[in-house]
Protein chains: 2
Amino acid sequence: MRTSSISNAILKVLESQDDHLTAKEIYEIMKKTFTAVDTSTIYRALERLVHVGKVSVSDMGGTAVVYELVSKNPHHHLVCEKCHKQITFRNEKVSDFLDSIEKESGFQITTNHLVLFGICPECQKKK
Amino acid sequence: MRTSSISNAILKVLESQDDHLTAKEIYEIMKKTFTAVDTSTIYRALERLVHVGKVSVSDMGGTAVVYELVSKNPHHHLVCEKCHKQITFRNEKVSDFLDSIEKESGFQITTNHLVLFGICPECQKKK
DNA sequence: TGTATTATTGAAAATGACTTTCATTATCAA
DNA sequence: TTGATAATGAAAGTCATTTTCAATAATACA
Ligand SMILES: [Mn+2]
Ligand SMILES: [Mn+2]
Ligand SMILES: [Zn+2]
Ligand SMILES: [Zn+2]
């Protein structure tokens, strides 16, 4: 993987946004600087970044998957199926859990951004 | 949700197959009995079955999501990103883990078919 | 240095999983 | 019954993502 300018630019975009972005959202931001950039280039660069582990790709329940920088401080999410609220949790229970699954299975787990779905406390009250 | 024949027929298909099926695969099986059934009907019925918790829907890394009966004996999977091998694990660690996340967050977790990605032992050796 | 090799890119078109619309039919509660 | 509403088939549409292909840029290495 060459250190192409588009990949680096995407990393900068992801660094600047402390949020999950769809490929389209990344594309819209990139267009401001790289006027002629194409969505296919974005997808291909993201694919490479995901492959080398610099970026996570997740289905958070929307129509498109979302990308995010894999930071030093890994985190995970709970997504409410009713109101689509997302909460972030940084929890050593996750890594403990994944470690034990790794030991038991011999798999080297690459899932680095766990997304669990559920019903948030507020929506539970709403019956 | 009415107890429509299509939903019941889909449940029977899922019971008979001890495997994950895509909507298209279910459609192909259903066509043998319901000659005129349409894919949109399949998708709508599956959506209802997922909503009432009878069927799980998961992204196992393929191009289409897969559906499976939610059995009494819940299970989860590890999927190898290299050779696409899938292993099943029934593990109380998962429910313990999810329980603790529920307690901590107040969320009522609906994820009932966890899919974790990784590299299987064989593919690890292949360097 | 060139120069061959290979990765990356933009443009355009294609893919295909899934959804939507709409008119018709089946189910079910009252 | 009957009236409301859910389920269905057919057809068309959506749109996120991929593919193809020719051009260009980055690297290896002679
Ligand atoms: Mn995140
Ligand atoms: Mn399964
Ligand atoms: Zn909620
Ligand atoms: Zn493998």
Side-chain angles (χ1 to χ4, degrees), chain A residues 1-14 19-68 79 81 84 113 115 117, chain B residues 1-14 19-68 79 81 84 113 115 117:
Chain A
M1 174 178 159
R2 292 177 183 171
T3 52
S4 81
S5 51
I6 290 289
S7 280
N8 288 328
I10 289 179
L11 285 178
K12 272 179 203 144
V13 167
L14 291 176
D19 205 0
H20 309 105
L21 295 178
T22 63
K24 195 186 177 194
E25 286 166 342
I26 294 168
Y27 169 69
E28 295 299 338
I29 296 170
M30 296 286 293
K31 259 204 306 195
K32 295 174 186 167
T33 314
F34 298 82
T35 325
V37 77
D38 189 74
T39 50
S40 63
T41 306
I42 303 289
Y43 276 105
R44 286 181 291 220
L46 283 169
E47 186 181 25
R48 275 178 266 136
L49 291 169
V50 168
H51 187 245
V52 298
K54 289 186 179 175
V55 168
S56 70
V57 53
S58 313
D59 171 8
M60 310 265 297
T63 56
V65 298
V66 293
Y67 299 88
E68 190 180 23
V79 179
E81 289 185 328
H84 310 108
H113 187 253
V115 179
F117 293 90
Chain B
M1 175 178 156
R2 293 176 183 172
T3 51
S4 82
S5 52
I6 289 291
S7 281
N8 288 328
I10 289 179
L11 284 177
K12 271 179 203 143
V13 167
L14 291 176
D19 204 1
H20 310 104
L21 295 178
T22 64
K24 196 185 177 193
E25 286 166 341
I26 294 168
Y27 169 68
E28 296 298 339
I29 296 170
M30 296 286 292
K31 259 205 305 195
K32 294 173 188 167
T33 314
F34 299 81
T35 326
V37 76
D38 190 74
T39 49
S40 63
T41 305
I42 304 289
Y43 277 107
R44 284 181 292 219
L46 284 168
E47 187 180 26
R48 275 178 268 136
L49 291 169
V50 168
H51 187 245
V52 298
K54 288 186 177 173
V55 167
S56 71
V57 52
S58 313
D59 171 8
M60 309 263 300
T63 56
V65 299
V66 292
Y67 298 88
E68 190 180 22
V79 179
E81 289 185 328
H84 309 109
H113 188 252
V115 179
F117 294 89

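Note that the coordinates shown come from a computational prediction; the quantities given were computed from them, not determined experimentally. Every chain is numbered from 1, with letters handed out A, B, ... down the list of sequences.
Look at A:S4 and you'll find a side-chain N or O under 4.0 angstrom from OP1 or OP2 of C:dT9. Here A:Y43 does not reach the OP1 or OP2 of D:dT18: none of its side-chain N or O atoms lies under 4.0 Å away. For B:T41 and D:dG9, the shortest distance from a side-chain N or O to OP1 or OP2 is below 4.0 Å. Listed pair A:T3 / C:dA7 fails the phosphate criterion, with no side-chain N or O lying under 4.0 Å from OP1 or OP2. In terms of phosphate contacts, B:T63 brings no side-chain nitrogen or oxygen within less than 4.0 Å of OP1 or OP2 of D:dT17.
The existence of a salt bridge linking B:K31 and B:E28 is confirmed by a sub-4.0 Å separation between a basic side-chain nitrogen and an acidic carboxylate oxygen.
One can place CD of B:E47 at 8 Å from P of C:dT20, the figure rounded to the nearest angstrom. When rounded to the nearest whole Å, the span between NZ of A:K24 and C1' of D:dT17 equals 13 Å. The separation between B:E25 atom CD and C:dC18 atom C1' is 16 Å, rounded to whole Å. Rounded to whole Å, atom P of D:dT8 lies 18 Å from atom NZ of B:K31. A:Y27 has its OH atom 10 Å from the P atom of C:dG10, to the nearest Å. Nucleotide D:dT18 holds its P atom 10 Å from the CG atom of A:L46, rounded to whole Å. Rounded to a whole Å, the CD1 atom of B:I6 is 13 Å from the P atom of C:dA26. Atoms CG (B:D38) and C1' (D:dA10) sit 6 Å apart, rounded to a whole Å.
Comparing C:dT19, D:dT20, C:dC22 against the side chain of B:R44 picks out C:dC22 as the nearest. Comparing atom distances between the B:A36 side chain and each of D:dG9, C:dA11, D:dA7 picks out D:dG9 as nearest. Candidate nucleotides D:dA16, D:dT8, D:dA26 were compared by shortest atom distance to the side chain of A:R2, and D:dA26 ranks first. Across C:dA12, C:dT19, D:dA16, the shortest atom-to-atom separation from the side chain of A:A64 is found for D:dA16.
One distance of note links OG of B:S4 with CZ of B:R48; it measures 5.0 Å at 0.5 Å rounding.
Judged by closest nucleotide on DNA chain D, B:S7 is the one of B:S7 and B:T39 placed further toward the 5' end. Between A:M1 and B:S5, the one whose closest nucleotide on DNA chain C sits nearer the 5' end is A:M1.
Between A:A9 and A:F34, the shortest heavy-atom contact is CB-CE1, 3.5 Å. Residue B:L49 comes nearest to B:M1 through the heavy atom pair CD2-CE, 3.8 Å, listed as atom of the first residue, atom of the second, then distance. B:M30 and B:V37 make their closest contact through CB-CG1, 4.2 Å (heavy atoms, listed as atom of the first residue, atom of the second, distance).
Backbone-only engagement by A:R48 is indicated by non-hydrogen atom pairs under 4.0 Å involving sugar-phosphate atoms exclusively.
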